[in-house]
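Each remark here refers to the structure printed beneath this line.
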Amino acid sequence: MRCLLFVPGSRPDRIAKALGAGADGVCVDLEDAVAPADKTGARAAVLAALAEPRAVSPRLGLRVNSPRTPAGLADLAALAQGAARPDFLMLPKVSHAEELAIVREALGGADCPALWPVVESAAGLQQAYAIAAAPGVEGVLFGGADFAADLGISLDWEPLLHARGTLVSASAAAGVALMDVPFLDVADEAGLIETTRRARALGFTGRSCIHPAQVAGVIAAFTPSTEELEHARAVLEAFEAAEGGAALFKGKLIELPVIRAARRTLAAAQD
């Protein structure tokens, strides 16, 4: 998923609109987007909506409350006992891989939806490699706002660079996707595009959004340009023409990392 659009669990009536906003995935949020007093009602309404038949695309997921809270335990119990089957399940405030193992077992093991742990604390970042590599994990979301609050730092790019870099390495080592934190200023389109391009250059595979107006900018930033595609094709053509020998492209030696990057670019365009 290049773009994941969040929908407040307190507004299940917005799910249909969100599914038509053009994002690759939609995630209904029962955690931060729902006040404590409203969680029981929101849970019932959202799970009923997720039990309804729907088209395959875009993907529709659910962010539950932390499994270490009463609300989170209630979310998981309702999922285990009900008919709702989200395409993926997002788990907030994960700090240990064991949390994912418990959730996966509670929801049927191999039948459990694909897991997306949210790393948003110093403790979670410390365990990032184990979390990303845990069975059932499809991708990781960087919870930058909570992470910044945990460390007492700002949400600016530089203070969060170390955390982003660590998560890129952990996710790449595990072979899973990595989604960046939403850009909170909905009105700042230029800022959205600039920071999303930075995230892609760093190694993120997508970004989450909090408003439909952000979807197009995020997808554009994660979609290879015509120039990038032409360059990737030319690199691969030069490599194949060399038939296993040393290959040069525009005077530079084409090595395996360059080939892998070109193939990733073309694969991203096909997605």
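Counting from 1, the numbers follow the sequence of the chain as shown. What you see is a predicted model, and the numbers here were worked out from it, not measured in a lab.
- A distance of 4.5 Å separates CD in Glu120 from CG in Asp146, rounded to the nearest 0.5 Å.
- The hydrophobic clustering, which links ILVMFWY residues whose side-chain heavy atoms are closer than 4.5 Å, places Val7 and Leu4 apart.
- Here the CD-CG distance, from Glu194 to Asp188, works out to 8.5 Å after rounding to the nearest 0.5 Å.
- Transitive grouping of hydrophobic side chains (ILVMFWY, heavy atoms separated by less than 4.5 Å) keeps Phe204 and Met90 in distinct clusters.
- Across all their heavy atoms, Val103 and Pro67 have their closest contact at CG2-CG, 3.7 Å.
- Checking side-chain atoms of Glu99 against main-chain N and O of His96 turns up a donor-acceptor pair under 3.5 Å.
- Between Leu100 and Val137 there is a side-chain heavy-atom pair separated by less than 4.5 Å.
- A distance of 7.0 Å separates CZ in Arg104 from CG in Leu115, rounded to the nearest 0.5 Å.
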Kindly determine whether Lys39 and Asn65 satisfy side chain to side chain contact (heavy atoms under 4.5 Å, CB included), including the steps that lead there. CA-CA 9 Å; Lys39 289 189 182 292; Asn65 291 276; 2.9 Å; yes

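- Residue Leu19 is not grouped with residue Phe6 when hydrophobic side chains (ILVMFWY) are merged at heavy-atom distances under 4.5 angstrom, including chains of intermediate members.
- If you take CE on Met179 and CG on Leu167, they are separated by 13.0 Å, rounding to the nearest 0.5 Å.
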Does the side chain to side chain contact (heavy atoms under 4.5 Å, CB included) test come out yes or no for Glu138 and Val176, once each step is laid out? CA-CA 5 Å; Glu138 179 182 73; Val176 300; over 6 Å; no

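- In plain terms, the two heavy atoms of Ala221 and Arg200 that are nearest each other are O-CD, 3.1 Å.
- Closest non-hydrogen pair, Gly22 versus Ile219, comes out as O-CD1, 3.1 Å.
- Of the possible donor and acceptor atoms, one in the side chain of Asp185 sits under 3.5 Å from a partner among the backbone N and O of Ala187.
- Contact annotation: the side chain of Arg68 approaches that of Ser95 to within less than 4.5 Å [non-hydrogen atoms, C-beta and beyond].
- Scanning all heavy atoms of the two residues, the minimum distance from Leu160 to Phe142 falls at CD2-CZ, 4.1 Å.
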Using the side chain to side chain contact (heavy atoms under 4.5 Å, CB included) rule, take Asp24 and Leu5 through it: C-alpha gap first, then chi angles, then the decisive distance, then the call. CA-CA 8 Å; Asp24 299 318; Leu5 177 61; over 6 Å; no

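- Taking the centre and axis of the six-membered ring of Trp157, the NZ or CZ atom of Arg164 falls inside the cone set by 45° and 6.0 Å.
- Between Asp180 and Arg198 no salt bridge is recorded (no basic side-chain N to carboxylate O distance below 4.0 Å).
- In this structure, the side chain of Asp150 engages the main chain of Ala122 through a donor-acceptor pair within 3.5 Å.
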Starting from the C-alpha separation in whole Å, work towards a yes-or-no answer on side chain to side chain contact (heavy atoms under 4.5 Å, CB included) for Met1 and Phe88. CA-CA 12 Å; Met1 295 185 289; Phe88 59 92; 4.2 Å; yes

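- Between the side chain of Arg85 and the main chain of Leu50, no donor-acceptor pair closer than 3.5 Å is present.
- Rounding to the nearest 0.5 angstrom, the gap separating the CD atom in Gln214 from the CD1 atom in Ile193 is 10.5 Å.
- In plain terms, the two heavy atoms of Ile153 and Pro159 that are nearest each other are CD1-O, 3.6 Å.
- Side-chain atoms of Leu91 and Ser66, non-hydrogen and from C-beta on, never get closer than 4.5 Å to each other.
- Clustering ILVMFWY residues whenever any of their side-chain heavy atoms sit less than 4.5 angstrom apart, transitively, puts Val168 in a cluster other than the one holding Tyr129.
- A donor-acceptor pair is defined here as one N or O able to donate and one able to accept, closer than 3.5 Å; no such pair exists between the side chain of Gln127 and the backbone of Ala123.
- A donor-acceptor contact shorter than 3.5 Å is absent between the side chain of Asp29 and the backbone of Gly9.
- Between Phe147 and Leu125, some side-chain heavy-atom pair lies under the 4.5 Å cut-off.
- Contact annotation: the side chain of Asp111 never approaches that of Leu107 to less than 4.5 Å [non-hydrogen atoms, C-beta and beyond].
- You'll find the side chain of Glu31 stays beyond 4.5 Å of the side chain of Asp75, heavy atoms only.
- Between Trp116 and Val140, every side-chain heavy-atom pair lies at or beyond the 4.5 Å cut-off.
- Hydrophobic clustering (side-chain heavy atoms under 4.5 Å, transitive across Ile, Leu, Val, Met, Phe, Trp, Tyr) keeps Val118 apart from Leu89.
- A donor-acceptor contact under 3.5 angstrom links the side chains of Thr223 and Arg2, judged on distance only.
- Taking the ring centre of Phe183 as origin, the terminal cationic atom of Arg207 falls outside the region bounded by 6.0 Å and 45° from the ring axis.
- Two residues are said to be in side-chain contact when any heavy atoms from C-beta on lie closer than 4.5 Å; Leu141 and Leu178 fail this criterion.
- Closest of all the heavy-atom pairs between Cys3 and Val218 is CB-CG1, 3.9 Å.
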Mind running salt bridge (Lys or Arg N to Asp or Glu O under 4.0 Å) on Asp38 and Arg43 for me, showing each step along the way? CA-CA 9 Å; Asp38 299 331; Arg43 178 187 305 117; over 6 Å; no

